[in-house]
Number of protein chains: 2
Amino acid sequence: MDRDQTDRDGETPARPTLKTLAFMTGLGVTTVSRALKDAPEIGAETRRRVQLVARQIGYRPNRAGVRLRTGKTNVISLVLNTEREIMSFVSDIIYGVSEVIADTPYHLIVTPYSRSQDPLDPIRYLVETGSADGIIISRTQPDDPRARYMLERGIPFATHGRTDMGLVHPYHDFDNYAFAGEAVRYLASIGRSRLALVTPPVGLTYYGHTLNGFADALSDVGASEVPFNTVSIDQSIEQIRMRTAQLMQRRDRPDGFVSSAAAATLAVVAGIEDAGLKLGRDVDVVSKQSSELLHLFRRELLVVNENFRLAGSELARSVLGWIGGSEPGSLQSLSKPSEVLPYRG
Amino acid sequence: MDRDQTDRDGETPARPTLKTLAFMTGLGVTTVSRALKDAPEIGAETRRRVQLVARQIGYRPNRAGVRLRTGKTNVISLVLNTEREIMSFVSDIIYGVSEVIADTPYHLIVTPYSRSQDPLDPIRYLVETGSADGIIISRTQPDDPRARYMLERGIPFATHGRTDMGLVHPYHDFDNYAFAGEAVRYLASIGRSRLALVTPPVGLTYYGHTLNGFADALSDVGASEVPFNTVSIDQSIEQIRMRTAQLMQRRDRPDGFVSSAAAATLAVVAGIEDAGLKLGRDVDVVSKQSSELLHLFRRELLVVNENFRLAGSELARSVLGWIGGSEPGSLQSLSKPSEVLPYRG
DNA sequence: GTGACAATCTGTAACGTTTCAGTGTATGGG
DNA sequence: CCCATACACTGAAACGTTACAGATTGTCAC
């Protein structure tokens, strides 16, 4: 006999709540609440009855109610830098995350920050306002203040890329050491011996991984490095292109490139051609790519695929796992690069 | 003398709430609440005092509390199809939206749906669970059930692309009629007269716009169309490539293409070259692009830029405007294409 | 018949916010 | 001196949920 339960004349019926369910089943709200989450002290039949009715009328717990009472937000936040990466893999990561959280109660919120900001700002905001149960970050550094902060505050997170602080936390990473190594070995196998590396952004962990993989493989195969330190993949297309062209006009120019990103590769190839040289004849380029488009660009390009959708899924799984109580150390994964793929394989 | 306000020994101090503020200022929570939102019935000095203290201790309203009490979520949802568009503009839209909501209390949640689902599903979910104050959708159709549904339910939204149902709602659109027209006129101006169109996905509104712009300009300049209906930009790279190659082997092949998306353009060019023809000599291609990469791909390509970051910003502004009470009809914008840009201009 | 105990259910309070309906105090008109 | 009124502030209730501390049965041992 609860006036609250009547639809105000003709309007959309109010969303069902526990109270609605309690009224319909003749039980108390407490009982309904527990019945819905299979608590043991509820009779089997009551439980079934409540769940049936709930399903019938399409009951959905009110997120604000749960969040206010329990502090649980059912939100995962993906923290992104808004000013990097042209040919963007961001959508792939998002889709990967989405895939995993699709049949959970979790929502994905995107928290951006700009170049000018302290990368710690968005993290602090999320933690201080309790806006998420878990956080995913990228552009990870060997000594990453964000990871340190989140560990201190005890909030579950996963990093795209590893850290090197002697602290254990979930991550997903692509094996850039292996990538650089295989790239070098492949170039050596087709007779290239003077190699240049288009590095990841200086300061990120995988910068080091890539450098090491490159260097180790170089000495392995007895090839030599042509220093190209003035360039990294987060520079503008124009800069990379110009510097590549300059490099290729020198007498001691490289005959092979290893590039850490597709967009940079486009610029490198443009620079090579600006210098009047020809891909596949004067120089070969191995590049990482995240979409299968580089082989359309120049058929002579050699590519290694990195799957960002997979990264997104793994990262989501890791955070959810940590939230669910798994050991952080058990939620780490490393993704192996595909073989180097020439266009005609 | 409220025990709640004491930090439990050494732990992180609890987040300040209205109660904390009330305790510190010696006022009632009601007064504090009103003082913070500049209600007129609060004394000027009290107001200043409360706001000062709030700022000092970094008070942030609890989202769950507000949401539960008022129903306001402070959330905008971007609804995305997870299985289309390879060279993805999604990140740009997200960044555009982020830019606008950055200094508002709004959060951005990404709500995905897959090809297999009814596109209405995610919308229904959002509306029924009251998970967002405003919604942004893309892949808009002339008669769009999602727009119709949201209008019925009275939830603010904006569409990326227009509808054609005689109903008024906020949108942002790129002027694809103008794009196709200018593309045709440019091709005609350099002597091309047999043109093919790589269309947007059939069924979306801008498919029609593009077709009309193409057709109208064709008859304007007296060029003719080479039918290429078997291809649209949401097909796979391989399909587009193959069909382009087939088309180019026919005697009545086109000498010009207008392409609605960069990824498709890569495939078209590959197909052209598969057929042994040369871009810029045998055929010219005008393509839309969202990142400045196509000119690196083939310098002979002619491009028109579409700015998705701008689209994201405009869409966000529109939704926020509608939420804020503006007239839906005043929240519509159309973005003009850049001129056709040859690589050497 | 009593007490113990398990099984099943329930009311109340609390999370943080805003709204409603006041309360108390000063000011001014008559 | 009283009443009206404006002003500045306040307590209680409510949003939907869960946790805590019971309450009501029925069963069984003794």
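Comparing atom distances between the Val66(B) side chain and each of dT10(C), dT18(C), dG16(D) picks out dT18(C) as nearest. Among the nucleotides dG16(C), dT18(D), dC20(C), the one closest to any side-chain atom of Leu68(A) is dG16(C). Listed nucleotides: dT17(C), dA13(C), dA21(C). Nearest to the side chain of Arg34(B): dA21(C). Of the candidate nucleotides dT18(C), dT18(D), dC15(D), dT18(D) has the atom lying nearest to any side-chain atom of Ser33(A). You'll find that the side chain of Leu18(B) is closest to dT18(C), out of dG16(D), dC9(C), dT18(C).
Aromatic ring centres of Phe157(B) and His169(B): separated by under 6.0 Å. Between His107(B) and Tyr125(A), the ring centre distance stays below 6.0 Å.
Residue Arg63(A) contributes atom CZ, which lies 13 Å from atom P of dT17(D) at whole-angstrom precision. Computed from coordinates, the Arg60(A) CZ to dT17(D) P distance equals 13 Å when rounded to whole Å. Rounded to whole Å, atom C1' of dA8(D) lies 15 Å from atom CZ of Arg48(B). Rounded to a whole Å, the NZ atom of Lys72(A) is 17 Å from the C1' atom of dA19(D).
Put simply, Thr70(A) has no side-chain N or O that comes within less than 4.0 Å of OP1 or OP2 on dT17(D). For the pair Thr46(A) and dC9(C), the criterion of a side-chain N or O lying under 4.0 Å from OP1 or OP2 is met. Between Lys19(A) and dG16(D) there is no side-chain polar atom (N or O) within less than 4.0 angstrom of OP1 or OP2.
The base of dA19(D) lies close enough to the side chain of Thr30(A) for a donor and an acceptor atom to sit less than 3.5 Å apart.
Among the atoms of the strands shown, only primed sugar atoms or phosphate atoms (P, OP1, OP2) are found under 4.0 Å from some heavy atom of Gly28(A).
Residues Arg309(B) and Glu99(B) are paired through a salt bridge, judged by an N-O separation under 4.0 Å between the basic side chain and the carboxylate.
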Evaluate the salt bridge (charged side-chain N to carboxylate O under 4.0 Å, His left out) criterion for residues Arg148(A) and Asp143(A): first the C-alpha distance (whole Å), next the side-chain angles of each, then the deciding distance (0.1 Å), finally the verdict. CA-CA 8 Å; Arg148(A) 204 180 286 284; Asp143(A) 187 340; 2.7 Å; yes

